[in-house]
Number of protein chains: 2
Amino acid sequence: MTQTPCPVCQAPSNGFHFGVEVCSACSAFFRRTVFKNRKFRCWGDPVNSCKVVSTGSAFCKSCRFAKCLAVGMQKEIVQKGREGYGKREKEAQELALVSASSPTNFKMNRQGLPILETIVESYKTLENARKCVHQGPHGGVFPKRPPKPVNYKETIAVFLKEYYLVGDWLSHCFPEFANMKIDQKDLLHRNFYLQFVVLEGGFFSCNHKRSDIRYLPSGDYIDCVNPETYYYDPDGQQPMTPDEAVTMFASSFQTYRRNVTHPMLRENADRFEFLALTGLALFDADLEYISEETAAVCRKVRMRIQKEMLKYYMSTKGAEEASLRLGNLISIIPSLHRATRRFLEDIELSHVLKAYSVDEKFYDNCLPKFGQL
Amino acid sequence: MTQTPCPVCQAPSNGFHFGVEVCSACSAFFRRTVFKNRKFRCWGDPVNSCKVVSTGSAFCKSCRFAKCLAVGMQKEIVQKGREGYGKREKEAQELALVSASSPTNFKMNRQGLPILETIVESYKTLENARKCVHQGPHGGVFPKRPPKPVNYKETIAVFLKEYYLVGDWLSHCFPEFANMKIDQKDLLHRNFYLQFVVLEGGFFSCNHKRSDIRYLPSGDYIDCVNPETYYYDPDGQQPMTPDEAVTMFASSFQTYRRNVTHPMLRENADRFEFLALTGLALFDADLEYISEETAAVCRKVRMRIQKEMLKYYMSTKGAEEASLRLGNLISIIPSLHRATRRFLEDIELSHVLKAYSVDEKFYDNCLPKFGQL
DNA sequence: AGGGGTTGGTCAAAGGTCCT
DNA sequence: AAGGACCTTTGACCAACCCC
């Protein structure tokens, strides 16, 4: 940084640029202008005689460039473009077109992603099975009805039905899971299930672009903004009033939304990413009580899933963007754990208090044992 | 300056370099690339077949390097930091000035990583401060003594001393943190501290290549294989015998090792990566009770840290390897949470039972409030 | 010694990136 | 969208070094 002023704009100059000792700003301006071959028009009056001084902000571009040439800056020294060290603009633009043109149809990107392709396909089967099992608003047997808000009893009933459905789905997707010993399978399945419930809720919100209600797999929803509807018990046999329950569990809904729904909305996770996260949540290599053998399998599958995610991204993004996206997605997992744990605490609290008693079957069969999560 | 053209780029060649008669530019390029072990990706279409001509601009680095190798330039001739010769005078002077020169050659990879470089540097300061504060085996004031196993009382004392030390360190590393409102800062700091303790323990184990003992910042250690030494109380006033305590907390040590030490050993995380994880753990954007503003800051810093990690990897690895490594590192965070939570549960249990009572100061000032983690 | 040749180191000035 | 601060890369130049 020398003391001589930039001959173009009078700002402190900063070494030689394109043949003349000018400031870095004028250097960048000159480079961009020449590189993009931009032309300007002077709007001044009288024309082509604007003052070019760095005091303000708005120069007349035309006169600034003219002055650059006048003081001797050489167009020839501007290079024709180099390789960037991350992505290349050209590439990024082309690929942006591709991904924008087909938001839902990602068939083209799925090739060579054996694990994730399998999950995506069989998730469709799960969706169909749900229509039959839940008789919800999208059920095929009964005539269609609009989605309705549900209370906690109905919710638990839905999730209980789901548990085994999801188990079958997992066994179908992952031979690694299907072939595990029954006790290991049970550990993973229990650890997984609530996470899946929470994650899928976030994904539904993401699909519907709203975080004020939480959709269930049945198609109905929990109204998070009016939780008294959720805690309302038609039989009226609970030791707590809905109002009390709302006070007690109010922050739980906050937790779900903050930790999972919002991040997923922010990242705008697609179905593919949601299912990849599902796989990572299932194959939790660091779970307590699992055998070293199971842990090794988990690590292997996780690695494969990460590789496929990366491949999926690399087909539409540059390397850097892909990696960062992968990182952001993986960063959702701790939040997912947090939300799930909160969910579990709520359920256990209800259970202990015998307030809003949870179906015993659900409690015994579908939840991780204490301290395991 | 001979007349034969450089076989890589056709510019006039300039003597033999690394085995082939090439121009000085290609020589320098080759030297830099090999020295830093950089990998490139070709963005051309068709791939790996770009023209390499010295038109003054626009090389494809990948193809340029490939051509260097193709024409016979030898990687082996590039030295790894003046290994063959004695140190140069100038270099010796610099070393005298800086005094704390990096033991490994981090220098080359750290450029342009403003956040992580700052953390790495100021971590050294933290290490020095510890020597004074803890008077441990590496303390500068008292004569050196070998590391010894410590009990829980000594451990808590060490961590209490550390809390504010670490707080200062954080404020020094992260202006974003230093400038937060006091309540937000406190939330992050409390949430962070145990995670840091656990993570750093894993890092120490990683450094010493052993997971059977857990080093403390003071330089002493907890003997995880013989936890009765840890629960031994010289005053003998506790309501539990060491044996009972071991039974009670036995699986905690397992949890630490399984969740943090083992993954870090597996990944062989270096100091740089450990500190990057530290940053990610601090700026937890999904923490309960933090303001939206703070969360936004957290997301921003996290993003920057991830980018710097990626850059760090990309300078020595290919894009895919770098991304997977990043993914694996980030995947340690959920495990870290799990181990930390377990740690917290132990402390709270001890506290409630008034067995192995924890220093009240530590309990009140250094831990996250209930349900927050 | 001493010069020719090759090494790594240095730095000004290119281009690229990011946030406003 | 464009400006400007900030970062990386490049290649000419030079000191250190080996060898004959």
Side-chain angles (χ1 to χ4, degrees), chain A residues 1-2 6 9 11-36 38 40 54 56-59 61 64-65 73-74 76-90 92 318 320-321, chain B residues 1-2 6 8-9 11-36 38 40 54 56-59 61 64-65 73-74 76-92 94 107-115 117 300 303-304 307-308 311 314-315:
Chain A
M1 188 85 66
T2 53
C6 167
C9 75
S13 71
N14 174 26
F16 279 79
H17 296 282
F18 307 101
V20 184
E21 201 169 348
V22 295
C23 69
S24 61
C26 287
S27 160
F29 169 77
F30 184 78
R31 171 155 41 91
R32 275 194 293 264
T33 305
V34 174
F35 181 69
K36 293 191 204 164
R38 295 181 54 194
F40 303 114
S54 79
S57 54
F59 304 119
K61 291 195 250 285
R64 188 185 193 184
F65 187 61
M73 294 178 77
Q74 291 162 271
E76 301 73 38
I77 304 182
V78 176
Q79 301 176 356
K80 292 186 176 47
R82 263 185 206 176
E83 180 187 273
Y85 29 85
K87 61 190 180 234
R88 259 167 64 127
E89 278 177 39
K90 214 173 159 189
E320 183 178 40
E321 208 185 330
Chain B
M1 187 85 69
T2 53
C6 166
V8 177
C9 75
S13 71
N14 173 27
F16 278 80
H17 296 281
F18 309 100
V20 185
E21 200 169 351
V22 295
C23 68
S24 63
C26 288
S27 160
F29 170 76
F30 186 80
R31 170 159 45 93
R32 279 192 298 263
T33 303
V34 174
F35 182 66
K36 292 194 202 167
R38 296 189 49 191
F40 304 115
S54 91
S57 59
F59 291 119
K61 288 197 270 283
R64 188 185 193 185
F65 187 63
M73 295 179 76
Q74 289 162 275
E76 300 73 37
I77 304 182
V78 177
Q79 300 173 1
K80 294 186 176 48
R82 283 289 177 199
E83 53 190 8
Y85 319 138
K87 287 203 175 76
R88 303 162 71 178
E89 285 170 33
K90 221 177 175 182
E91 203 170 351
E94 277 173 25
K107 204 173 161 189
M108 71 191 89
N109 294 327
R110 281 219 321 259
Q111 290 174 354
L113 305 178
I115 296 179
E117 192 173 353
K300 210 164 131 186
M303 204 66 186
R304 286 228 294 271
K307 275 191 190 175
E308 290 192 12
K311 213 182 242 177
M314 288 292 268
S315 69

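Chain letters run A, B, ... following the sequence lines, proteins first and then strands; every chain starts at 1.
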Chemist: For the pair A:R38 and A:R32, evaluate side chain to side chain contact (heavy atoms under 4.5 Å, CB included) and give the outcome as yes or no after the intermediate values.
Modeler: CA-CA 8 Å; A:R38 295 181 54 194; A:R32 275 194 293 264; over 6 Å; no
Chemist: Using whole Å, report how far CD1 of B:I115 lies from C1' of D:dC6.
Modeler: 14 Å
Chemist: Are any protein N/O atoms closer than 3.5 Å to N/O atoms in nucleotides 2-4 of chain C? If there are, list each pair with its distance.
Modeler:
none

Chemist: Is the base of D:dG11 touched by the side chain of B:R31 through a donor-acceptor pair closer than 3.5 angstrom?
Modeler: no
Chemist: Starting from C1' on D:dA5, measure out to CG on A:N14 and report it in whole angstrom.
Modeler: 11 Å
Chemist: How far does CE of B:M314 sit from NZ of B:K311, to the nearest 0.5 angstrom?
Modeler: 11.0 Å
Chemist: Measure CE/A:M73 against P/C:dA14 and give the value in whole Å, please.
Modeler: 8 Å
Chemist: Identify, between B:R304 and A:F18, the residue whose nearest nucleotide on DNA chain C lies closer to the 5' end.
Modeler: A:F18
Chemist: For DNA chain D, whose closest nucleotide is more 5', that of A:C26 or that of B:R64?
Modeler: A:C26
Chemist: Roughly how many Å is it from NZ in B:K61 to C1' in D:dG11, rounded to a whole number?
Modeler: 14 Å
Chemist: Using side-chain heavy atoms (C-beta onward) and a distance below 4.5 Å, is A:C9 in contact with A:C23?
Modeler: yes
Chemist: Between atom CD in A:Q79 and atom C1' in C:dA14, what is the gap in whole Å?
Modeler: 5 Å
Chemist: From the set C:dA13, D:dG11, C:dT7, return the single nucleotide nearest to any side-chain atom of B:A28.
Modeler: D:dG11
Chemist: Using atom NZ of B:K307 as one end and atom P of D:dT8 as the other, report the distance to the nearest whole Å.
Modeler: 13 Å
Chemist: Under the 3.5 Å rule, do the base of C:dG9 and the side chain of B:R32 count as making a donor-acceptor pair?
Modeler: no
Chemist: Identify which nucleotide among C:dT7, C:dA13, D:dT10 has an atom closest to any side-chain atom of A:H17, counting heavy atoms from C-beta outward.
Modeler: C:dA13
Chemist: Check whether any side-chain heavy atom of B:P114 lies under 4.5 Å from a side-chain heavy atom of B:E308, and answer yes or no.
Modeler: yes
Chemist: With a 4.0 Å cut-off on heavy atoms, is A:K36 in touch with a base, just the backbone sugar-phosphate, or nothing at all?
Modeler: nothing
Chemist: Let me know the distance between CG of B:L113 and P of C:dC18, rounded to the nearest Å.
Modeler: 14 Å
Chemist: Rounded to the nearest Å, what distance is computed from the CD1 atom of residue B:I77 to the C1' atom of nucleotide C:dT7?
Modeler: 10 Å
Chemist: Show the nearest heavy-atom pair for residues A:R64 and A:C26, with the distance to one decimal.
Modeler: NH2-SG, 3.4 Å
Chemist: As a test of your reading of the structure, name each stem of DNA chain D as range with range, where a stem is three or more consecutive Watson-Crick or G-U pairs at under 3.5 Å.
Modeler: C:2-20 with D:2-20
Chemist: Does a nitrogen or oxygen in the side chain of B:K311 sit under 4.0 Å from OP1 or OP2 of D:dC7?
Modeler: no
Chemist: Should B:F16 and B:V22 be marked as a side chain to side chain contact (heavy atoms under 4.5 Å, CB included) after you check the CA-CA gap, both sets of side-chain angles, and the distance that decides it?
Modeler: CA-CA 6 Å; B:F16 278 80; B:V22 295; over 6 Å; no
Chemist: Quick check for you: to the nearest 0.5 Å, what is the distance between B:T33 atom OG1 and B:M73 atom CE?
Modeler: 9.5 Å
Chemist: Look at the side chain of B:V78 and decide which nucleotide, out of D:dG3, D:dA12, C:dG8, has an atom nearest to it.
Modeler: C:dG8
Chemist: Do you know the tightest heavy-atom contact between B:S27 and B:H17?
Modeler: OG-ND1, 3.4 Å
Chemist: Please work out which of the three classes, parallel, tilted or perpendicular, describes the rings of A:F18 and A:F30, given edges at 30° and 60°.
Modeler: tilted
Chemist: Where is the tightest heavy-atom contact between A:F29 and A:F40, given as atom of each residue plus distance?
Modeler: CZ-CE1, 3.9 Å
Chemist: Regarding A:R38, tell me which of base, sugar-phosphate or nothing describes its non-hydrogen contacts under 4.0 Å with the strands shown.
Modeler: sugar-phosphate
Chemist: When you measure from the side-chain N and O atoms of B:S24 to the phosphate of D:dG11, is any distance below 4.0 Å, counting only OP1 and OP2?
Modeler: no
Chemist: Starting at the 5' end of DNA chain C and moving along, which residue's nearest nucleotide shows up first, B:S27 or B:K300?
Modeler: B:S27
